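Since the model is a prediction, treat every value here as computed from it, not as a measurement. Chain A is the first sequence line, chain B the second, and so forth, proteins listed ahead of strands; every chain is numbered from 1.
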4 protein chains.
Amino acid sequence: MRMTRQEQKESIAKQRKQQIFDAAVKVFSQKGFDQSTIPDIAQEAGVAVGTIYNYYQSKHDLLLSIIRSYIVTESFIGLLKQPPESDAATFLSSLINERLSIGLDNTDVMQLLMSEIRRDPELRRQYIEQVVVPTFKLLEEYLEPRIGKDTFRPSNIPIVVRALIGMIIGLSIISNMEGETGPMRRIPRQELGAEVTKLILEGIKRK
Amino acid sequence: MRMTRQEQKESIAKQRKQQIFDAAVKVFSQKGFDQSTIPDIAQEAGVAVGTIYNYYQSKHDLLLSIIRSYIVTESFIGLLKQPPESDAATFLSSLINERLSIGLDNTDVMQLLMSEIRRDPELRRQYIEQVVVPTFKLLEEYLEPRIGKDTFRPSNIPIVVRALIGMIIGLSIISNMEGETGPMRRIPRQELGAEVTKLILEGIKRK
Amino acid sequence: MRMTRQEQKESIAKQRKQQIFDAAVKVFSQKGFDQSTIPDIAQEAGVAVGTIYNYYQSKHDLLLSIIRSYIVTESFIGLLKQPPESDAATFLSSLINERLSIGLDNTDVMQLLMSEIRRDPELRRQYIEQVVVPTFKLLEEYLEPRIGKDTFRPSNIPIVVRALIGMIIGLSIISNMEGETGPMRRIPRQELGAEVTKLILEGIKRK
Amino acid sequence: MRMTRQEQKESIAKQRKQQIFDAAVKVFSQKGFDQSTIPDIAQEAGVAVGTIYNYYQSKHDLLLSIIRSYIVTESFIGLLKQPPESDAATFLSSLINERLSIGLDNTDVMQLLMSEIRRDPELRRQYIEQVVVPTFKLLEEYLEPRIGKDTFRPSNIPIVVRALIGMIIGLSIISNMEGETGPMRRIPRQELGAEVTKLILEGIKRK
DNA sequence: AATGAATGAGTCTTCATTCAT
DNA sequence: CATGAATGAAGACTCATTCAT
């Protein structure tokens, strides 16, 4: 099955754009946005400076593309999976595992995102609207009906939700800071998720 | 008791240096390091551009001063002076309250620090050596002997420690992101600390 | 009568070249040389960027082509073919009408030419040699023998000639500056020519 | 009489600004706006590139300053001298002499102005409003009451006015084009003015 | 001969740093 | 010591030109 000429071209263009995208992710993550130069990215991507501008309007546009793609990915993975009516432990466990995986596998981009979100109000608005609010809402709606019933003890839901998500964010930062040899990277991912889930569900106190 | 001429001079110099330091903290925190300019800082401090260079070698040196002072502050306050003989709930509660307060009151500087630490390996080494490792160590040493006894259930101590600290870091970030109107800022600090402590100690599951 | 294959090709090529030429005239006139880009011209001409370089060596070459063609056009039309035997009023009137028409219909190209001529000495030399000098000479030669006779009063011929041509140039510029709604465009062309001719011949003073 | 420290500084700053201004006039006039580079201007002014930006916001701002100053100058010289109730010949003569002087002494700036006005609509609006309209109005108001009386023969005033101003503009362009050796520069300014005035008043026809 | 993506030299502009006053 | 104008290196971005398809 052959591609038409047109399709070939588009395919190459897509590859090239991805190539630049990947290079930018790498460079931005390592040096931060401001410290990264377009020549840096061009070199990393193996293209000329001008070529980058054939695919992205500006350095800032390149940053936005990265962050947006990441936002979209996050939302998709996180939200399109509607909460199955599984039991509390399973649901929380899978949610924690999943978010933790995203966080740990993308520490660089995540921190890039956190940095840049701080100084671009529009980006922050978008991120909050598209990622933060839905995530919090999903969790709050899950916990709400189960509080006071058998499942969960009474608690301040918004705080608990933020503590849970915050823990995942913080773990990703610590993992990134400690690097390859830190304890977070040496533990099997599954075990890590289980431990964290257990902490959230049962706390550390002996019953 | 008068100051000698010499002492007066030094006192004024110290004030001036502090003045610039404070201005830099403010400006760096708001705009980030790269987006801040020396004229910005000079204006904020109410001095001339050239004056800054009488007290700091370079813009980067000014950043280092801030981060180092923050590192020193962090490593000496509260946590390390905590009498580890108090009972578990009290110890953890005060630790959480204190770190959370630091985090919430200094989100900007904290995030500045996180950003800059990422791209300066030497700074990262210092921070890890002087803040991260001692903090984790202290907590680990606190938990270790109490695990398996009455106080705490068996668990993976390094993970629990990182989850706890990570939670505090993450909560600061979320609080900063949601801004003045977010739930984190509307709850009394004390209540927030209590809720988080309870979460860590008992989890969310109904017993 | 058919064209040979060869002739067809050449005919197409000629068309293509003209197409690009026309587009360039339009774009250069509107935006000025420096502000015009090759992609602009390509789009206007409905061809690809690369195609332009099959017909013109460079952007500058394209500009030269336009200006040269304009110079050639100017030096061959009307004025130089005018039978200088007609009576003074007729001769001057037709000259003014014709030059004025050229000026008013091509203000953009004329001003493009004026701009570019200023910074390209070689071009200026050409223009002066091929257009300016012959025009002035023709007029001077026309006026010379009639001065002091019945037709014209004694006057400084070079100045008068330059004032006449200058007036036409200046009127074009003013017309262009005032735009569609200015007085110059609302008056019938013929009336305009008549008025100007009368001014030159008789001045504004009441006899 | 001494200057205060403050006054000295301001005086130096003014000089410096003028120095850059003059250099820009020279460079823009020679090469045109787009072909001139900031390093060109800096070199001509004998300052560093960055210094220019201490006095002007941008290259475009520098252009605007030049053009505006020229517009203001023109308006002042031309308009603040109210038309004295002198006789027609004297009035026209002085007006022509004056405008012609401005045109001939500033051919470079004038053509720069003409070029740039074409592509900056806002600038054009300003120029028309502040220079063109007042000038035309002044002349029209002068001619109006004298038409049909003894002084001037009936004519289309707007056209005559534009022809007169156009002639001056055109003469300045021709003078610039022909350069130092052209006839316009070799004739005493006074004689030139007289000849042009006579042409306007009496035309070239023998009575 | 037509195409248009790739190229990189050339510009404007910023801003950390210096230094004469 | 304080000042702030001058400096010029460095970086984002544009666009004429090339060349593989």
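Judged by a 6.0 Å distance limit and a 45° cone about the ring axis, D:K59 is not positioned over the six-membered ring of D:F28. D:K14 forms no cation-pi arrangement with D:Y55, by the criterion of a distance under 6.0 Å to the ring centre and an angle within 45° of the ring axis.
Of all the residues in residues 44-59 of chain A, A:V47, A:A48, A:G50, A:T51, A:N54, A:Y55 reach under 4.0 Å from DNA chain E with at least one non-hydrogen atom. Within residues 17-37 of chain B, the residues that have a heavy atom under 4.0 Å from DNA chain E are, in order of number, B:S36, B:T37.
Results of the side-chain contact (heavy atoms from CB on, under 4.5 Å) test with B:L62 over B:F33, B:Y53, B:Y56 single out B:Y56 as the only residue that passes.
Evaluation of the side chain to side chain donor-acceptor pair (under 3.5 Å) test over residues 114-126 of chain A, restricted to residues two or more places apart or in two chains, returns A:D34-A:R119, A:H60-A:D120, A:R68-A:Q126, A:S115-B:S115, A:E116-A:R119, A:R118-B:Q111, A:E122-A:R125, A:R125-A:E129.
With sequence neighbours left out, C:Q30 forms a side-chain contact (heavy atoms from CB on, under 4.5 Å) with C:K26. For C:K31, the salt bridge (Lys or Arg N to Asp or Glu O under 4.0 Å) partners are C:D40, not counting sequence neighbours.
Looking at which nucleotide of DNA chain F each of D:I12 and C:P39 is closest to, the 5′-most match is held by D:I12.
Closest heavy-atom contact between A:S69 and A:F21: OG-CZ, 3.4 Å. Annotation for C:I20 and C:A45: closest pair CA-CB, 4.1 Å, computed over non-hydrogen atoms. A pairwise comparison of heavy atoms in B:I66 and B:A24 identifies CD1-CB, 3.7 Å as the closest pair.
Counting heavy atoms from C-beta on, the side chains of A:R16 and A:Q19 come closer than 4.5 Å. Counting heavy atoms from C-beta outward, C:L112 and C:V25 have side chains that stay 4.5 Å or more apart.
In this entry the distance linking CG of D:L62 with P of E:dT13 reads 10 Å, nearest Å. Counting to the nearest Å, the C1' atom of E:dA16 and the CG atom of B:D61 are 13 Å from each other. Atoms CD1 (D:I38) and P (F:dG8) sit 16 Å apart, rounded to a whole Å. As a whole-Å value, the separation of B:H60 NE2 from E:dC15 P is 18 Å. Between A:Q43 atom CD and E:dG8 atom C1' the separation is 14 Å, expressed in whole Å.
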Canonical and wobble pairing (Watson-Crick, G-U, under 3.5 Å) of DNA chain E, dot-bracket with | = .||||||||||||||||||||
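OP1 or OP2 of E:dA6 has at least one side-chain nitrogen or oxygen of A:R16 nearer than 4.0 Å.
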